[in-house]
Amino acid sequence: MCQDCGCSDITSEIGIHSHTHNGEHQHEHHHENGDHHHHHHQLVVENGTTAKTVTITQSILQKNDRLAERNRGYFAAKGLLVLNILSSPGSGKTAFLEKTITDLKERVKIGVIVGDLETDNDAHRLGHAGAPAVQITTGTACHLEADMVARAAQKLDLDALDVLIIENVGNLVCPAAYDLGENWRVVLLSVTEGEDKPLKYPTMFKSAQVVIVNKIDIAEVVGFDREKALHNIRRVAPDAVIFEVSARTGTGMEQWYAYLEAQMAEKESLLGIG
């Protein structure tokens with residue numbers, strides 16, 4: 001995990017940028033304070049053990065989990081369904097969200113928080129699709145954390161939304177360890193990535209309530225073995241709901257929309273909304 005490998009030893013600022021439909025954006029930069037996890041690289045190894053690293057890692061995740069529960073309670077009070085969308089780079093995650101927002105914008109009010117190491121290109125794309133979007137640029141951090149999401153959420157009018165989507169940094173390792181306060185984890189698997197991805201990255205897929213198999217329009221061209229991929233997903237995440245879609249052509253997207261809207265209705269019923 002990134003607590004051990006040093007990839008979250010951040011030297012640059014965390015940037016949070018909110019985008020409006022007219023293309024204007026506001027910037028907010030934060031230097032992480034001294035008690036953040038940047039100090040975990042001071043590794044102490046005694047008698048061949050890494051007990052110090054384990055202690056630090058537990059402390060980092062416990063702090064994040066407390067903040068995630070605070071986020072979850074806050075989002076629940078706003079009546080929001082919150083999705084944490086995860087995948088490796090190049091899976092078509094942004095295109096999938098772009099298609100979802102475009103097709104549902106007359107039926108569902110969606111806001112987006114986007115995480116990337118650099119640039120706000122994805123937030124611009126999703127803003128143009130019709131969703132208010134906030135970009136978090138993480139510098140060298142390979143995942144989003146609950147406190148980043150809490151700050152970014154303050155830049156959205158949550159009372160005007162039905163669904164909040166968090167597009168996490170493209171990575172199948174580190175984001176799996178960080179609860180952001182979401183209701184669901186949605187993991188994308190592209191047909192171009194190979195059928196064994198769920199077996200190689202089981203922690204990510206085990207934590208998913210939904211798995212999206214994307215780019216099925218090119219499955220035959222790339223030699224994708226559908227049955228093997230579905231078997232591997234079910235082996236690792238037997239309770240996950242699976243959708244096979246093409247964000248480019250729209251194939252399978254209506255089934256995803258129907259599921260999303262059914263889950264929204266169920267949540268509203270439980271909360272006594274509507």
Side-chain angles (χ1 to χ4, degrees), residues 1-3 5 7-8 61 64-65 67-68 71-72 75 80-101 110-117 121-123 125-126 131 133-138 141-150 152-153 163-215 229 232-234 236-245 247 256 259-260 263:
M1 287 296 181
C2 53
Q3 297 94 337
C5 72
C7 64
S8 59
L61 294 179
N64 182 81
D65 287 347
L67 293 172
N71 285 352
R72 189 170 287 108
F75 295 147
L80 288 171
L81 180 65
V82 182
L83 315 182
N84 185 4
I85 313 292
L86 306 116
S87 75
S88 57
S91 67
K93 185 164 72 262
T94 304
F96 171 75
L97 294 179
E98 198 170 26
K99 179 68 172 170
T100 298
I101 291 163
I110 300 174
V112 187
I113 295 172
V114 182
D116 278 307
L117 272 66
N121 295 342
D122 289 352
R125 283 178 62 183
L126 299 178
V134 177
Q135 178 79 48
I136 301 174
T137 50
T138 64
C142 56
H143 60 274
L144 294 180
E145 297 180 13
D147 64 324
M148 299 178 192
V149 170
V163 176
L164 175 63
I165 292 176
I166 304 165
E167 183 183 354
N168 217 311
V169 178
N171 186 340
L172 285 177
V173 182
C174 302
Y178 287 85
D179 183 0
L180 304 180
E182 69 270 17
N183 300 114
W184 301 350
R185 286 191 173 188
V186 179
V187 178
L188 268 71
L189 170 68
S190 166
V191 301
T192 59
E193 297 178 75
E195 301 85 357
D196 60 350
K197 262 293 171 56
L199 305 183
K200 290 181 176 180
Y201 301 92
T203 302
M204 177 62 79
F205 284 87
K206 281 179 183 177
S207 70
Q209 285 76 41
V210 177
V211 175
I212 305 288
V213 180
N214 193 25
K215 303 186 183 180
N232 289 340
I233 293 168
R234 293 189 179 110
V236 174
D239 297 326
V241 179
I242 303 172
F243 294 96
E244 299 173 73
V245 310
W256 156 245
Y259 181 78
L260 179 60
Q263 295 300 310

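Residue numbers start at 1 and run along the sequence shown. Computed over heavy atoms, backbone and side chain alike; hydrogens, waters and symmetry mates excluded.
- Taking the side chain as every heavy atom from C-beta outward, F75 and L180 never approach each other to under 4.5 Å.
- Between S88 and K197 the shortest heavy-atom distance is OG-NZ, 4.0 Å.
- Under the 4.5 Å side-chain criterion, counting only non-hydrogen atoms from C-beta, V210 is in contact with Y259.
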Taking it one step at a time, do E193 and S87 satisfy side-chain contact (heavy atoms from CB on, under 4.5 Å)?
CA-CA 11 Å; E193 297 178 75; S87 75; 5.7 Å; no
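- The shortest non-hydrogen separation linking R185 to A176 is NH1-O, 2.8 Å.
- Proximity of E98 to L126: side-chain heavy atoms (C-beta onward) are separated by under 4.5 Å at one or more points.
- At distances below 3.5 Å, at least one donor-acceptor pair connects side-chain atoms of N171 with backbone N or O atoms of C142.
- To the nearest 0.5 Å, the span separating CD1 on I85 from OG1 on T100 amounts to 8.0 Å.
- For I136 against A152, the heavy-atom pair with the smallest separation is CD1-CB, 3.8 Å.
- Between Y178 and H143, the two ring planes are parallel [angle under 30°; tilted spans 30° to 60°].
- In this structure, D122 CG and D116 CG are separated by 4.5 Å, a value rounded to the nearest 0.5 Å.
- Closest approach of A133 to A123, counting heavy atoms only: CB-O, 3.6 Å.
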May I have the step-by-step check of side-chain contact (heavy atoms from CB on, under 4.5 Å) for I242 and R234, ending in yes or no?
CA-CA 9 Å; I242 303 172; R234 293 189 179 110; 4.0 Å; yes
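- With values rounded to the nearest 0.5 angstrom, M204 atom CE is found 5.5 Å from L172 atom CG.
- For the side-chain contact (heavy atoms from CB on, under 4.5 Å) with F205, the lone residue among L199, N232, L86, V211 that qualifies is V211.
- Between the side chain of N168 and the main chain of L144, a donor-acceptor pair closer than 3.5 Å is present.
- We find the CD1-CE distance between I113 and M148 to be 12.0 Å, quoted to the nearest 0.5 Å.
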V186 and F243: side-chain contact (heavy atoms from CB on, under 4.5 Å), yes or no, with the steps?
CA-CA 10 Å; V186 179; F243 294 96; over 6 Å; no
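- Distance alone, capped at 3.5 Å, places no donor-acceptor pair between the E182 side chain and the V82 backbone.
- Here the straight-line distance linking atom CG of L188 with atom CZ of F96 works out to 5.5 Å at 0.5 Å rounding.
- Closest heavy-atom contact between V236 and P202: CG1-O, 3.5 Å.
- Taken from CG in L189 to CD1 in I233, the straight-line distance is 5.5 Å, to the nearest 0.5 Å.
- A donor-acceptor contact under 3.5 angstrom links the side chains of T94 and E167, judged on distance only.
- Considering L83, I101, L164, V163 as possible partners of V112, the one that fulfils the side-chain contact (heavy atoms from CB on, under 4.5 Å) test is I101.
- Nearest approach of K93 to G170, heavy atoms of both residues: NZ-CA, 3.9 Å.
- For the pair D179 (side chain) and A146 (backbone), a donor-acceptor distance under 3.5 Å is absent.
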